[in-house]
Amino acid sequence: MGRGEKAKIYIPPFRLEKIMVEKGLADYFEQFLAKKPLFKDKKALQPNYSPDTIRHRDAQMKQIADILAPILREDKPSNIFIYGKTGTGKTLCTKHVVENIKHVASQRDLPIKIIYLNCKLKKIADTEYRLIAQLAREFGKAIPPTGLPTDEVYNIFFRTVDEKKQTILLVLDEIDQLINKIGDEILYNLTRMNETLKKSQVCIAGVSNNLMFTEHLDPRVKSSLSEEEILFPPYNALQIQNILRQRAKVAFQPGAIEEGVIEKCAAYAAKEHGDARRALQLLRVAGELAERENLTKLTMKQIDSADRKIEHDRVFDVLSAQPTQFQATLYSALVISQKRKGPIFTGEIYDLYRSLCQKTNLAPLTQRRVSDIIAEMDMLGLINAKVISKGRYGRTREITISIPPSMNHQIRKTLEEGLALS
DNA sequence: GTCAATTCACATGAAAGAGACCACGGTCTAGTG
DNA sequence: CTAGACCGTGGTCTCTTTCATGTGAATTGACGA
């Protein structure tokens, strides 16, 4: 009864609507065209943009290239493992090197197959079955999205790979997320592929955000996967500035950015462990804001608003993707946090959640599950949870809300609507 | 006062079930020549 | 005769429950000084 039903979260309409209603659509577009654009080529700020030259990563690129180069002589390169926090250029560099190998290989007509897979992509490579199926598809096999036994897909994949002599480089991005979810068996199977294959050979390059990732790995997998390791350290503020300037030159019209804006952007990002992606996003969103406000120059003020907007969007994106139960739990946490100061504990949330379920006719989950949901909220950065022991009074999570207070009200309202509370 | 045992309130793990989705092969049905 | 509809079986995936085990320090209570 009422189990598993999902409610879409209500997302407030775009601010644009106001302008359109007031002045009319045609006028609005006229104005839009009359505006002098700030952007020249916004692509350069998009996360998947790949610049011609990659800065401050020469050493890492060279290392990767050194390790992978034997592939061109049809030797099997060492498996390699690449670490680094988000926005340190791992994916970018890896892709860059791989592209170059591809280029050379195709010029010389070498039997090299390179597959890049992002394991985080929902519905593509986030389970064992889907990953292997996707790999098999890369070799031109049609694999149904479900319905086949996993071993069968493995077999198809192995057979296809071994049909002719070739060297395969498998780049698995965000591999830590995958292994966290489904265990390391898949890696074990993949690293052992070479023993079964007669003609071909496979080399694996794992890319991970989590520095401690290999700790929980099966020792056999660990040793074979991390034959070589490369660390991508975070950028410092100066390096981020450099990168921002390089991209801004392509992205913006000359003179569109006020003095000091880049520095500020870099400082913001450097605070968050040198995440270049975030710096670029900040600059792009700030630019969009400035453009929407009809400004001729991008100023510091927009950086601040952009920072807020990004956080706001992130929270609402996360929220709208979560099921009702998750929302109910978060709502409970929010209510308690507003009722009184100080940290919240799992038990309190669960109690309130139970009574909330009664009120809304929602089938209540067990505490076990709610505990997991709270852990998920922590992962998503909505709350901050730390497991503490209160001695005689048990062990629990100490939870604080990490959503900016300015958004609290709006989120509560959204959740209330989602949960059909009044 | 000191020290080990106890105890609380959950955390954390493992396994398994429910229900949705899907592929495949076999059977049935209706339409066609 | 054949294409398509309609099953039943067996598979995955996600969310969840059930059962079991783990855990860190405040508290307790026995002990000796």
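Letters A, B, ... mirror the listed sequences (proteins, then strands); counts begin at 1.
- Of the candidates C:dT14, B:dC21, C:dG24, the closest approach to any side-chain atom of A:Asp126 belongs to C:dT14.
- Side chain to side chain, A:Tyr83 and A:Asp176 fail the donor-acceptor criterion of an N or O pair below 3.5 Å.
- For B:dA11, one of the phosphate oxygens OP1 or OP2 lies less than 4.0 angstrom from a side-chain nitrogen or oxygen of A:Ser371.
- Taking atom CD on A:Glu348 and atom P on B:dC10, their separation rounds to 9 Å, with Å as the unit.
- Counting distance only, with no hydrogens placed and no angle test, the side-chain atoms of A:Arg368 and the base atoms of C:dT17 include no donor-acceptor pair under 3.5 Å.
- Phosphate proximity of B:dT12 to A:Arg397: present, with a side-chain N or O under 4.0 Å from OP1 or OP2.
- Side-chain contact, A:Asp173 with A:Thr91: a donor N or O sits under 3.5 Å from an acceptor N or O.
- Put simply, CD on A:Glu398 is 17 Å from C1' on B:dC8, counting in whole angstrom units.
- Rounded to a whole Å, the CG atom of A:Asp351 is 12 Å from the C1' atom of B:dA9.
- Looking only at distances, a side-chain donor or acceptor of A:Gln239 sits under 3.5 Å from a matching main-chain atom of A:Asn236.
- Spacing between atom CD1 of A:Ile156 and atom P of B:dA23 amounts to 14 Å, rounded to whole angstrom units.
- Within the 4.0 Å cut-off from OP1 or OP2 of B:dA9, not a single side-chain nitrogen or oxygen of A:Thr346 is found.
- Within 4.0 Å (heavy atoms only), A:Gln367 reaches sugar-phosphate atoms of the nucleic acid but no base atom.
- A:Gln325 places its CD atom 9 Å from the C1' atom of C:dT16, with the value rounded to the nearest Å.
- Separating the CZ atom of A:Arg369 from the C1' atom of B:dT12 is a distance of 14 Å, rounded to the nearest angstrom.
- A:Thr127 has a side-chain polar atom (N or O) that falls below the 4.0 Å cut-off from OP1 or OP2 of C:dC13.
- Rounded to a whole Å, the CD atom of A:Glu128 is 13 Å from the P atom of C:dT14.
- Across all strands shown, A:Arg130 has heavy atoms under 4.0 Å from sugar-phosphate atoms exclusively, and none from any base.
- At C:dA25, none of the side-chain N or O atoms of A:Arg392 fall inside 4.0 Å of OP1 or OP2 (strictly under the cut-off).
- In this structure, A:Asn79 contributes its side chain and A:Ile204 its backbone to a donor-acceptor pair below 3.5 Å.
- Nearest nucleotide to the side chain of A:Thr146, out of C:dG11, B:dA11, C:dA25: C:dG11.
- Between A:Pro364 and A:Thr150, it is A:Thr150 whose nearest contact on DNA chain C lies nearer the 5' terminus.
- Protein atom OH of A:Tyr129 is 12 Å distant from nucleotide atom C1' of C:dG10, rounded to whole Å.
- At least one side-chain nitrogen or oxygen of A:Tyr393 sits closer than 4.0 Å to the OP1 or OP2 atom of C:dT27.
- Between A:Thr366 and C:dT17 there is a side-chain N or O to OP1 or OP2 distance below 4.0 Å.
- Side-chain contact of A:Lys43 with A:Asn48: a donor-acceptor pair under 3.5 Å is absent, judged by distance alone.
- Note that A:Lys141 lies outside the cation-pi zone of A:Phe139, set by a 6.0 Å cut-off to the ring centre and a 45° limit from the axis.
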